[in-house]
Amino acid sequence: MALTVLNELLIEDPSPPLLLYQLNKTAQLETLNYQSCYMQRVFTHFPEILFIHRTYNPRGEVLYTFLVDGPRVPLEGHLSRAVYFAILAKEDAEALAHIFQVFKKFNPAWERVCTILVDPYFLLLPTLAMEFPAAEVLLSAFHICKFLQGKFCQLALEQPVERLLLTALRSTMCSATAGNLRKLYTLLSTCIPPAQLPALHSHWLLNDRIWLAHRWRSQAESSRYFQGLEVTTRLLSQFFGTTPVVEKGMSALLQYLQQNSGDKVSFNLGPSPPNRYTPLEGSPESPKVEQLVEARIQHSLNAICTGPAAQLCLGELAVVQKSMHLIGSGSEKVNIQILEDTHRVQPQPPASCSCYFNQAFRLPCRHILAMLSAHRQELKPDMLPAEWTAGCAPNLSDILESTWSETLEKRLAVALLTEEVSQLLQHCSQEEFERRYSTLRELADSWIGPYEQVQL
């Protein structure tokens, strides 16, 4: 009867959805894959970051919900970011691979998935890596927050301590800077008994790769993001997680989606509206626009720069074209993030960037070119020093000799090494940190004096 209701709901859908299901020997629903045409369009438009949430019913059957995530995705509308539902009777590698293969078959945009966000209890990571070989799998900030909230309750802490930790957690999740995460890590180390601390996996707070996928949001955006996901996951639990009959749970969920189809208007599936972050990874609907912008940048590089300068910059542009990047506008400067590298761009002429390439050669780097591409602009003569302008320098060696500085080379080398060491120290265990710090301390003492004189 429930399956009949489910089919009736699908018949009422104005556009025929994807529905694949399998029944067991007693005619009960065993597996299901569902995606409406609208959900497919949403994923095609926002495929870069996929958020996977799992909901279990009383019989242990699991509903996988795929949601789109990232800076381009509007936050309004509960469940409006859901792009796929799949039910597994048995959660193993074979069943999981099957639903991913079905999803990929009906969604060619899967090849553009760059990041997949999962919960801490997701163990079938090799299956994800096999089905999405080009995507990076990370723990989601939302699931880490829910994990820590649950652990705080399980530890039966004193009420003032629990309130303090919950308040600090909420505050940190809405402003996940490296400093705030470090403060929360220190607070957990102080308030949680040492024997119970390992169960919290507090080292996740020091893994910068996790938080780079979330840090681009402002405090207000982060608050709305967590609230929206909280409502979404509660709805999934309400409809699917509380009933042992899979068909009834899915019928109720799809009925809710149809009755609340007004949420769809919050999505603009045309050109992305201007917002705080502009994606450079173009939508599939406007490849000609991107090609035109890139061609204009190439033409301006060739017209303005010397031959060697144009070659160096075109190499940087090639990296931009193959990368996913985010642009955030500040009052005076622009933050650019290309994959794992984050640098600060000064757009006012002559344009400058904090990266090694721009500091060394004073040429437009990939981050400056990414900014130009995002703003649909081209290179201007006043954006680079005169020695790189066409006709001013006879050859590459003359330019390098005139712009290179041994002091600059040393300063950049030290800065890069310092950053690398800092990242390694932040992400290692406490025991490993103390060992590495001791080694650095001894080295510093032998070079520049004892600890009383020099603070490392």
Side-chain angles (χ1 to χ4, degrees), residues 2-3 6-7 9-10 13 16-25 28-44 46-57 59-69 79 81-140 143 232-233 235-237 239-241 243-254 257:
L3 192 57
L6 186 61
N7 279 315
L9 282 171
L10 299 180
D13 198 309
L18 160 69
L19 175 65
L20 299 177
Y21 59 84
Q22 181 177 336
L23 305 181
N24 59 22
K25 294 179 181 180
Q28 299 295 314
L29 188 64
E30 194 168 65
T31 65
L32 178 141
N33 294 267
Y34 174 85
Q35 184 181 48
S36 69
C37 290
Y38 172 76
M39 295 162 78
Q40 189 178 44
R41 291 200 307 273
V42 171
F43 176 72
T44 300
F46 308 111
E48 293 86 1
I49 303 178
L50 198 60
F51 180 104
I52 297 179
H53 182 74
R54 299 180 297 167
T55 309
Y56 292 87
N57 71 1
R59 290 170 52 186
E61 295 158 314
V62 58
L63 168 67
Y64 272 68
T65 304
F66 297 1
L67 302 102
V68 290
D69 206 308
L79 281 174
R81 295 195 294 116
V83 295
Y84 200 76
F85 293 119
I87 294 175
L88 286 73
K90 183 180 180 183
E91 194 175 15
D92 57 18
E94 182 180 357
L96 190 60
H98 176 71
I99 68 168
F100 286 144
Q101 289 162 11
V102 173
F103 174 78
K104 294 191 309 184
K105 182 176 181 179
F106 290 93
N107 295 273
W110 75 269
E111 294 181 343
R112 295 165 56 208
V113 174
C114 298
T115 305
I116 300 177
L117 304 176
V118 298
D119 64 83
Y121 297 105
F122 192 95
L123 301 179
L124 298 173
L125 298 178
T127 305
L128 263 182
M130 181 176 65
E131 297 298 333
F132 296 88
E136 181 181 20
V137 181
L138 297 172
L139 294 179
S140 80
H143 284 123
T232 296
T233 55
L235 287 172
L236 293 171
S237 296
F239 293 121
F240 183 85
T243 174
V245 182
V246 172
E247 296 89 341
K248 288 184 178 179
M250 284 307 297
S251 297
L253 177 59
L254 296 180
L257 287 175

Could you walk me through whether V42 and R81 pass side chain to side chain contact (heavy atoms under 4.5 Å, CB included), step by step?
CA-CA 8 Å; V42 171; R81 295 195 294 116; 6.0 Å; no
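- Considering only heavy atoms from C-beta on, F100 comes within 4.5 Å of F66 through its side chain.
- Proximity of L79 to L236: side-chain heavy atoms (C-beta onward) are separated by under 4.5 Å at one or more points.
- Remark: L257 CG to L235 CG distance equals 9.0 Å, nearest 0.5 Å.
- With rounding to the nearest 0.5 Å, the separation of CD in E61 from OG1 in T55 is 13.0 Å.
- Within 6.0 Å of the CD atom in Q101, the count of heavy atoms belonging to other residues, nucleotides or ligands exceeds 12.
- Although no hydrogens or angles enter the test, the distance criterion places no donor-acceptor pair under 3.5 Å between the side chain of R112 and the main chain of E48.
- Screening residues 116-127 for salt bridge (Lys or Arg N to Asp or Glu O under 4.0 Å), with sequence neighbours left out, gives R54-D119.
- The heavy-atom pair separating F43 from V113 by the smallest distance is CZ-CG2, 3.8 Å.
- Under the ring pair (Phe, Tyr, Trp, His ring centres under 6.0 Å) criterion, Y64 pairs with no residue at all, not counting sequence neighbours.
- Rounding to the nearest 0.5 Å places OH of Y56 at 10.5 Å from CG of L63.
- A 4.5 Å side-chain heavy-atom check between I87 and Y34 finds every atom pair outside the cut-off.
- Between the CD atom in E91 and the CD1 atom in I99 there is a gap of 8.5 Å [rounded to 0.5 Å].
- Of all heavy-atom pairs spanning A135 and T115, the tightest one is CB-N, 4.4 Å.
- Residues Y38 and R41 have side chains in contact (heavy-atom distance under 4.5 Å, counting atoms from C-beta outward).
- Note that CG of L253 and CZ of F85 are 4.5 Å apart. Values are rounded to the nearest 0.5 Å.
- A 4.5 Å side-chain heavy-atom check between Q40 and N107 finds at least one atom pair inside the cut-off.
- Minimum interatomic distance between L117 and S140 (heavy atoms only, all atoms of both residues): CB-CB, 3.7 Å.
- H53 pairs by the ring pair (Phe, Tyr, Trp, His ring centres under 6.0 Å) definition with H143, not counting sequence neighbours.
- Taking the ring pair (Phe, Tyr, Trp, His ring centres under 6.0 Å) definition, one finds that F122 meets it with nothing, sequence neighbours left out.
- Across L67, L128, V137, a single residue satisfies side chain to side chain contact (heavy atoms under 4.5 Å, CB included) together with I52, and that is L128.
- Not a single ring pair (Phe, Tyr, Trp, His ring centres under 6.0 Å) links F240 to another residue, sequence neighbours left out.
- Nearest heavy atoms, P47 versus A109: CB-O, 3.7 Å.
- Pairs engaging residues 128-137 under the salt bridge (Lys or Arg N to Asp or Glu O under 4.0 Å) rule: K104-E131, E136-R209 [sequence neighbours left out].
- Distance CZ/F51 to OG1/T65: 9.5 Å, rounded to 0.5 Å.
- Judged as a side chain to side chain contact (heavy atoms under 4.5 Å, CB included), and not counting sequence neighbours, the contacts of T243 are V245, K248.
- Residues F103 and Q35 meet the side-chain proximity criterion, which asks for heavy atoms closer than 4.5 Å.
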